[in-house]
There are 2 protein chains.
Amino acid sequence: MDERELLLLGLLKIQSQHGYQINEFISKNLSRVTSMKKATAYALLENMRKNGLIDESISQEGNRPQRKVYSITSAGDAAFDTLLKTYLAQPGQITFSLDIALMFIGNLPVAEVINLLDERMKLLIEQIETYERAPKHEYDLGSRLAVEHVLSHLQLDLSWLQSAKEMIVQEASSGSNG
Amino acid sequence: MDERELLLLGLLKIQSQHGYQINEFISKNLSRVTSMKKATAYALLENMRKNGLIDESISQEGNRPQRKVYSITSAGDAAFDTLLKTYLAQPGQITFSLDIALMFIGNLPVAEVINLLDERMKLLIEQIETYERAPKHEYDLGSRLAVEHVLSHLQLDLSWLQSAKEMIVQEASSGSNG
DNA sequence: ATTTAATTAGTCATATTTGACTATTCATAG
DNA sequence: CTATGAATAGTCAAATATGACTAATTAAAT
């Protein structure tokens, strides 16, 4: 089980919903905190149903095609509580694909590395601006914290990249004449 | 293709190796930058072989069982170069499981949230100490940067958690009397 | 010399994830 | 009314990822 189950259970705790509704909400509002795909969400819902964490019922409204409506069970409530405490208390391992790339910068000329990192910083600034443009008032504290958390990491990356560039330049000049 | 292919190609650029050697190196030295599992590495190697990025040959040394030795091809060299530039220049989306959990802190009493975040900070400090204990001198610049990059994010998280706790406490008190 | 444990070198069945696809209904423009 | 496109609501085959397993060799202890 991972944080995506926590997300799905949390959404179903707010209200019983069908899969499409859940996926719309995630893709429209939560793309900043998860990259879970639609088919994955359906798979996880089916999995949790098998494990008794949610119930599935069929609803028919007007002429619309049938929909599967999911509701959280009491076992699901208990699982939600456990997962929530777990993900609050336990720092997961973080890894960045950048770090793999950094290990191999020796394979490129220094000038090119600097150019590539400049390009990265440009794109990062765009990401940051997107986050900063997000309206902060209409969300509850937890959601605001989540967005600010990601934003603080993006800003760190930006200033970290600047100092990394300086170290790379310095090492190159000291290596070539020292 | 993702950064794990870059890692495997980069290791094979240094020298041709068999799978076991690659996996040993990753699990002993690179657990900080990737969580790729052994069977996954073998699958990716087979995949890259099919795509002509690496060659596979059988080697027999003494009585030891046969080993598959992988070498990078010129197509692999080209792919490495492309991947390296891509992962240097393109900031990937970062997501933290903590952020999902933060969205739902309203489901717990404030005091418990604070306790859980305190526990998190304790564990985070242990992680940071592990990283700080890592010897810095024996690595090249890129590897040192990779470790320092992760470390800087961990340190940010620590101070961010402190300020998040303060916001949570403040919101609780202003909500209960204002 | 022989059980025991550790290391070496992978394989495979199962579980997970997703891109691509199907199929219905609704809106709206002509 | 009716072709066109968008929204709704999923499904499924194929690709990925991994825990559990096999099987040989070497090292250590008895």
Side-chain angles (χ1 to χ4, degrees), chain A residues 1-8 11-12 15-31 34-51 53-71 92-93 95 97 100, chain B residues 1-8 11-12 15-31 33-51 53-71 83 92-93 95 97 100:
Chain A
M1 287 227 273
D2 60 37
E3 72 276 4
R4 298 162 315 167
E5 264 105 338
L6 174 62
L7 174 59
L8 293 172
L11 293 177
L12 292 179
Q15 61 171 309
S16 296
Q17 303 186 59
H18 52 95
Y20 186 80
Q21 222 171 335
I22 292 173
N23 279 303
E24 279 300 288
F25 186 76
I26 291 174
S27 69
K28 287 191 178 148
N29 303 297
L30 303 182
S31 59
T34 184
S35 54
M36 176 173 53
K37 301 299 180 296
K38 191 170 55 151
T40 307
Y42 279 110
L44 293 178
L45 287 168
E46 172 57 15
N47 214 288
M48 291 196 289
R49 191 195 59 72
K50 280 187 193 152
N51 289 313
L53 305 185
I54 60 181
D55 277 339
E56 187 183 301
S57 70
I58 302 297
S59 103
Q60 181 103 44
E61 279 175 38
N63 277 13
R64 315 266 31 227
Q66 292 191 331
R67 299 178 303 187
K68 293 181 184 173
V69 176
Y70 301 95
S71 317
Q93 218 216 340
T95 59
S97 59
I100 301 280
Chain B
M1 286 226 273
D2 60 34
E3 73 275 4
R4 298 162 315 167
E5 264 105 338
L6 174 62
L7 174 58
L8 293 172
L11 293 177
L12 292 178
Q15 61 171 309
S16 296
Q17 303 185 59
H18 51 95
Y20 186 81
Q21 221 172 335
I22 291 173
N23 279 302
E24 279 300 288
F25 186 76
I26 290 174
S27 69
K28 288 192 178 148
N29 303 297
L30 302 182
S31 59
V33 293
T34 185
S35 54
M36 176 174 52
K37 302 299 182 294
K38 190 170 56 150
T40 307
Y42 279 110
L44 294 177
L45 286 168
E46 172 57 14
N47 213 284
M48 291 196 290
R49 190 196 60 72
K50 279 186 192 152
N51 289 313
L53 306 185
I54 60 181
D55 278 339
E56 189 183 300
S57 70
I58 302 297
S59 101
Q60 181 104 43
E61 279 175 38
N63 276 14
R64 314 268 31 225
Q66 290 191 331
R67 299 178 304 188
K68 294 181 184 172
V69 175
Y70 301 95
S71 315
L83 286 170
Q93 216 217 344
T95 59
S97 59
I100 301 281

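The shown structure was predicted, so the numbers you read here are calculated from the model rather than taken from an experiment. Reminder, nothing fancy here: chain letters follow the sequence lines and each chain counts from 1.
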Any idea which heavy atoms bring B:Tyr70 and B:Leu45 closest together, and the distance? CE1-CD1, 3.7 Å
Can you check the [X] [atom1] to [N] [atom2] distance for me, whole Å?
X       : N      : atom1 : atom2 : result
A:Leu45 : C:dT17 : CG    : P     : 13 Å
B:Arg49 : C:dT11 : CZ    : C1'   : 15 Å
B:Glu56 : C:dA9  : CD    : C1'   : 13 Å
A:Ile22 : D:dT8  : CD1   : P     : 15 Å
A:Asn47 : C:dT14 : CG    : P     : 16 Å
B:Glu46 : D:dT16 : CD    : P     : 12 Å
A:Asn23 : C:dT17 : CG    : P     : 14 Å
A:Glu24 : D:dA9  : CD    : P     : 9 Å

Solution key, residues 36-43 of chain A side-chain donor-acceptor pairs under 3.5 Å, sequence neighbours excluded:
| residue | atom | partner | partner atom | Å |
| --- | --- | --- | --- | --- |
| A:Lys37 | NZ | A:Ser35 | O | 2.8 |
| A:Tyr42 | OH | A:Tyr20 | N | 3.2 |

Only pairs at least two apart or in different chains count here, so list each salt bridge (Lys or Arg N to Asp or Glu O under 4.0 Å) that has a residue in residues 16-31 of chain B. B:Glu24-B:Lys28
Distances under 3.5 Å only, N/O to N/O: pair up the protein atoms with those of nucleotides 10-12 of chain D.
| residue | atom | partner | partner atom | Å |
| --- | --- | --- | --- | --- |
| D:dG10 | OP1 | A:Lys68 | N | 2.8 |
| D:dG10 | OP2 | A:Gly19 | N | 3.4 |
| D:dG10 | O5' | A:Tyr42 | OH | 2.9 |
| D:dG10 | N7 | A:Lys38 | NZ | 3.0 |
| D:dG10 | O6 | A:Lys38 | NZ | 2.5 |
| D:dT11 | OP1 | A:Lys68 | NZ | 3.1 |
| D:dT11 | OP2 | A:Lys68 | NZ | 3.3 |

If the condition is side-chain hydrogen bond (donor to acceptor under 3.5 Å, both in side chains), which residues does A:Asn51 pass it with, not counting sequence neighbours? A:Asn47
Residues that A:Ser16 engages under side-chain hydrogen bond (donor to acceptor under 3.5 Å, both in side chains), provided they are two or more places apart: A:Ser71
List for me each residue that meets side-chain contact (heavy atoms from CB on, under 4.5 Å) alongside B:Thr95, sequence neighbours excluded, and say none if there are none. B:Gln93
D:dT16, OP1 or OP2 - any side-chain N/O from B:Arg4 closer than 4.0 Å? no
